[in-house]
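Right, one structure below, let's go through it.
Whatever order the structure lists ligands and atoms in, that order sets their numbers, starting from 1.
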Amino acid sequence: MISLHHNDIGGLVANMEKKISPSIMCADFFDLENYIKEFESNGIEYIHVDIMDGSFVPNFTLGTDFVKQLKSRTSIPLDIHLMIDEPEKKLDWFDFGVGDYVAVHVESTKHLHKALDAIKKRGAKPMVTINPATPISAIEEVLDVVDGVLVMTVNPGFAGQKMVPSTLKKISSLRKFLDDNGYSHVEIEADGNVSFENAKLMSEAGANIFVAGTSSMFNKNFSLAEGIARLRQVIA
Ligand code: DX5
Ligand code: ZN
């Protein structure tokens with residue numbers, strides 16, 4: 001169900017269901033079973049899986065076997081964030097399907113439609129990702145084939161960074177562009193430094209899926225359940 005409200009730039013925008021996607025790369029890998037149980041018992045909507053190739057971004061994280069194992073251990077849909085070069089050549093390496101989101105960076109390929117179409121053909125939901133410095137205009141040509149846009153609020157590659165302030169305005173401009181151009185069904189996900197404070201601002205700007213990492217979920221100062229409850233409160 002989508003209703004309309006005014007955002008901080010005065011435009012009428014869609015009110016979408018607010019969802020949380022914990023970034024599993026930020027978890028204690030030796031306690032994953034308990035995390036998954038907590039996610040399931042707290043109604044978590046997605047599990048965010050960061051895939052890095054050491055080329056598109058200067059870091060390595062999770063891989064194909066991890067995705068396969070995670071998929072076999074939970075019914076929570078995956079939200080696979082591909083930070084790899086030429087993703088259209090590597091999609092078959094990953095286990096995903098109906099209900100899963102798969103995000104590819106507009107900056108990572110010359111054949112974006114090819115990558116997005118291949119994701120859709122497998123029954124999954126294609127998402128296009130833009131880095132902080134990449135303008136919204138770079139993705140206009142693919143908005144008719146995606147279910148979501150992943151707005152990087154930090155430069156990709158590492159957890160624990162500070163939000164790039166201009167990305168808040170980008171979220172509200174994007175939400176308005178989507179709603180003014182017949183794409184009000186397209187979701188907006190925010191990824192990077194989604195703290196309780198920032199999540200509230202991102203939600204008011206028009207984001208509806210929130211990647212929860214070191215600043216709002218995987219934090220020694222409070223339990224996972226407390227983090228989830230507080231995040232739900234601020235994004236509501
Ligand atoms: C960074 C990743 C993020 C990261 C978020 O490139 O895409 O998902 O794990 O971590 P925090 O919330 O600490 O910024
Ligand atoms: Zn991510």
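- Of all the N, O or S atoms in Asp191, the one closest to the Zn ion (ligand 2) is OD2.
- In summary, Arg232 and Glu45 engage in a salt bridge, as defined by a charged side-chain N under 4.0 Å from a carboxylate O.
- In Asp50, the N, O or S atom that comes nearest to the Zn ion (ligand 2) is OD1.
- Between the side chains of Thr134 and Asn131, not a single donor N or O lies within less than 3.5 Å of an accepting N or O.
- The pair Glu33-Arg73 meets the salt-bridge criterion, since a charged nitrogen lies less than 4.0 angstrom from a carboxylate oxygen.
- Closest to the Zn ion (ligand 2) among the N, O or S atoms of His48 is NE2.
- Put simply, CG on Asp50 and NE2 on His81 are 6.0 Å apart, with the number rounded to the nearest 0.5 Å.
- Panel note: side chain Asp53, backbone Phe56; a donor-acceptor pair is recorded below 3.5 Å.
- Its N, O or S atom nearest to the Zn ion (ligand 2) is what matters here, and for His81 that atom is ND1.
- Side chain of Thr61 to main chain of Met52: a donor-acceptor pair is present (N/O by atom type, distance under 3.5 Å, no hydrogens or angles).
- Heavy-atom minimum distance, Asp147 versus Tyr101: O-OH, 3.1 Å.
- Within a 6.0 Å radius of NZ in Lys90, other residues, nucleotides and ligands contribute more than 12 heavy atoms.
- At a heavy-atom cutoff of 4.0 Å, ligand 1 is surrounded by Ser23, Met25, Cys26, His48, Asp50, Met52, His81, Met83, Met152, Pro156, Gly157, Phe158, Ala159, Gly160, Asp191, Gly192, Asn193, Val211, Gly213, Thr214.
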